Amino acid sequence: TNGTTSTTKTDADGKTETVVKLPASVVTNASDKDETVELPMPEVTATSDSASAPIVTVDLSGSQSAKVEIPVAGVTSGTVAVIVGEDGEETIVMNSIPTENGVVVTLADGDTIKVIDNSKHFADVPDSYWGADAVDFATSRELFNGTSETAFTPDGAMNRAMIVTVLARLEGVDTSTGDTWYDVGREWAMEAGISDGSNMDGTLTREQLATMLYRYAQSKGQGFAGTWAFQLDYPDADAVSDYAYEAMCWTTMHGIINGMGDGSLAPQGQATRAQVATILMRFITTIA
């Protein structure tokens, strides 16, 4: 009744192509209310084979962009949306968010995407591991890589080179060039004011992680505006460095960083790879 339409075609092999048209009024109303538009279309099933993956094209009636939910059967943390460019190049949408009913993604008018199961499997991250979903989320979006083809090393220490590279990838930067594997991420982080680029081999502490995430969020228009009066309610709050206090306030207020099992914040503690994957998943969900 609101003028939204969708057409789905299925070929002999079961591959589906759906075109959804959203009237400008629907897009505008959702934007004004900061809501997600649930696309009126049949559920699709993600596949690891890009050639057979379901395709969805969204017509926004000339509107610039809209946050939409694509219904997906059996969605997991490893379910991602992949933008298909006019030249056929495919790019993972880093902030495609799995929900109970599908995948939420912000699309521009005329965007075509595929829904793909890009889950990775590591021998040291069984399904029963506490951070399994987060590791799946981070690696399926190719923000993280394993330490080998079969291992993720979830309890391994995260260093500063790793986090600037991960955040650069989240920003859509190609980090595959440079004299060292982290050169591009380091240069991007310095230009963006995320990091000073020093001590790349140094262990990443929890408060350093909070600070880098907060600076990145600020570059996206997030963070505290003007004065703020949030206080950290943790027994070791006085151990947080002055430079990191506001960042720690913001990340804990939004549930991005939580206390440890003993209730402490452990700001000087080292961040493990699994912890960072978990915190990154929460962060992406928050700023998406």
Side-chain angles (χ1 to χ4, degrees), residues 1-119 133 136-137 140-141 170 172 217 220-222 254-255 281-288:
T1 58
N2 63 9
T4 301
T5 63
S6 71
T7 303
T8 299
K9 297 179 180 179
T10 306
D11 67 15
D13 296 320
K15 178 179 177 180
T16 63
E17 293 190 29
T18 301
V19 177
V20 180
K21 184 172 183 178
L22 300 178
S25 59
V26 172
V27 177
T28 300
N29 185 57
S31 178
D32 290 344
K33 296 180 179 179
D34 193 25
E35 295 179 343
T36 300
V37 179
E38 298 178 6
L39 297 187
M41 54 175 283
E43 277 190 334
V44 298
T45 300
T47 172
S48 59
D49 177 21
S50 175
S52 61
I55 296 173
V56 180
T57 300
V58 179
D59 181 341
L60 301 178
S61 300
S63 301
Q64 289 188 339
S65 65
K67 184 187 293 187
V68 302
E69 182 178 49
I70 301 166
V72 181
V75 65
T76 71
S77 297
T79 305
V80 298
V82 176
I83 290 282
V84 182
E86 293 183 0
D87 59 356
E89 182 178 358
E90 298 183 3
T91 305
I92 293 174
V93 181
M94 301 294 187
N95 61 348
S96 48
I97 309 299
T99 66
E100 183 178 348
N101 300 313
V103 173
V104 170
V105 60
T106 298
L107 299 177
D109 185 28
D111 273 351
T112 294
I113 64 106
K114 291 182 177 181
V115 182
I116 292 179
D117 179 1
N118 200 35
S119 298
D133 284 347
D136 193 23
F137 181 95
S140 63
R141 283 149 185 79
L170 177 58
K220 300 298 181 184
Q222 302 280 348
H254 288 284
M281 179 174 68
R282 296 173 185 155
F283 176 76
I284 292 173
T285 303
T286 297
I287 69 168

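If you read the sequence from its start, that first residue is 1, and numbering goes on from there. The shown structure was predicted, so the numbers you read here are calculated from the model rather than taken from an experiment.
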Please give me the minimum heavy-atom distance between V75 and T99, naming the atom from each residue.
CG1-O, 3.0 Å

Hey, what do you get for OG1 (T286) to CE (M281), rounding to the nearest 0.5 Å?
10.5 Å

Nearest 0.5 Å, what's the OG1-CD1 distance between T285 and I97?
4.0 Å

Rounded distance (nearest 0.5 Å) linking atom CG of D133 with atom OG1 of T76:
8.5 Å

Is D32 atom CG crowded by more than 12 heavy atoms from other residues, nucleotides or ligands, each under 6.0 Å away?
yes

Over all atoms of both residues, closest heavy-atom pair of A81 and S96:
N-OG, 3.4 Å

Counting distance only, does the side-chain N/O of R141 pair as donor-acceptor with the main-chain N or O of D136 below 3.5 Å?
no

Step by step, would you call V68 with V105 a side chain to side chain contact (heavy atoms under 4.5 Å, CB included)?
CA-CA 6 Å; V68 302; V105 60; 4.1 Å; yes

List for me each residue that meets side-chain hydrogen bond (donor to acceptor under 3.5 Å, both in side chains) alongside D111, sequence neighbours excluded, and say none if there are none.
none

Does atom CD of E38 have more than 12 heavy-atom neighbours from other groups under 6.0 Å away?
no

How would you list, by chain and number, every residue that makes a salt bridge (Lys or Arg N to Asp or Glu O under 4.0 Å) with K220, sequence neighbours excluded?
E171

Check for a donor-acceptor pair, side chain of S31 on one end and backbone N or O of V27 on the other, with a separation under 3.5 Å.
no

Considering only heavy atoms from C-beta outward, does the side chain of T18 approach that of P54 to under 4.5 Å?
no

Do V20 and T7 have side chains that get closer than 4.5 Å, going by heavy atoms?
no

In chain order, what residues pass the salt bridge (Lys or Arg N to Asp or Glu O under 4.0 Å) check against E35, with sequence neighbours excluded?
none

Do other residues, nucleotides or ligands put more than 12 heavy atoms under 6.0 Å from the NZ atom of K15?
yes

Testing the 3.5 Å rule here: is there a donor-acceptor pair between the side chains of S119 and D117?
yes

Donor-acceptor pairs under 3.5 angstrom involving side-chain atoms of residues 55-63: please list them, not counting sequence neighbours.
| from | atom 1 | to | atom 2 | distance (Å) |
| --- | --- | --- | --- | --- |
| T57 | OG1 | T112 | OG1 | 2.7 |
| D59 | OD1 | S61 | N | 2.8 |
| S61 | OG | L22 | O | 2.8 |
| S63 | OG | L60 | O | 3.1 |

Do E90 and S50 touch side chain to side chain, with heavy atoms closer than 4.5 Å?
yes

So how far is it from F283 CZ to N95 CG, rounded to the nearest 0.5 Å?
11.0 Å

Using 0.5 Å steps for rounding, measure from the OG1 atom of T106 to the CD atom of Q64.
13.0 Å

Do you know which two heavy atoms are closest between P71 and P42, and how far apart they sit?
CG-O, 3.9 Å

Can you sort out the partners of T5 under side-chain hydrogen bond (donor to acceptor under 3.5 Å, both in side chains), two or more places apart, ordered by chain and number?
none

V82 and I113, any side-chain heavy atoms less than 4.5 Å apart:
no

Contacts of type side chain to side chain contact (heavy atoms under 4.5 Å, CB included), residue A53, not counting sequence neighbours
T47, K114, I116

Return the minimal non-hydrogen interatomic distance between I92 and S140, and the atom names on each side.
CD1-O, 3.7 Å

If you define the side chain from C-beta out and look only at heavy atoms, does anything of E69 sit under 4.5 Å from V103?
no

pair T10-E17: side-chain heavy atoms closer than 4.5 Å:
no

How close do L170 and M94 get, counting heavy atoms only, and between which atoms?
CD1-CB, 3.7 Å

Measuring from L107:CG to I83:CD1, what's the distance to the nearest 0.5 Å?
5.5 Å

Please find the pair of heavy atoms, one from V72 and one from A46, that lie closest to each other, and give the distance.
CG1-N, 4.2 Å

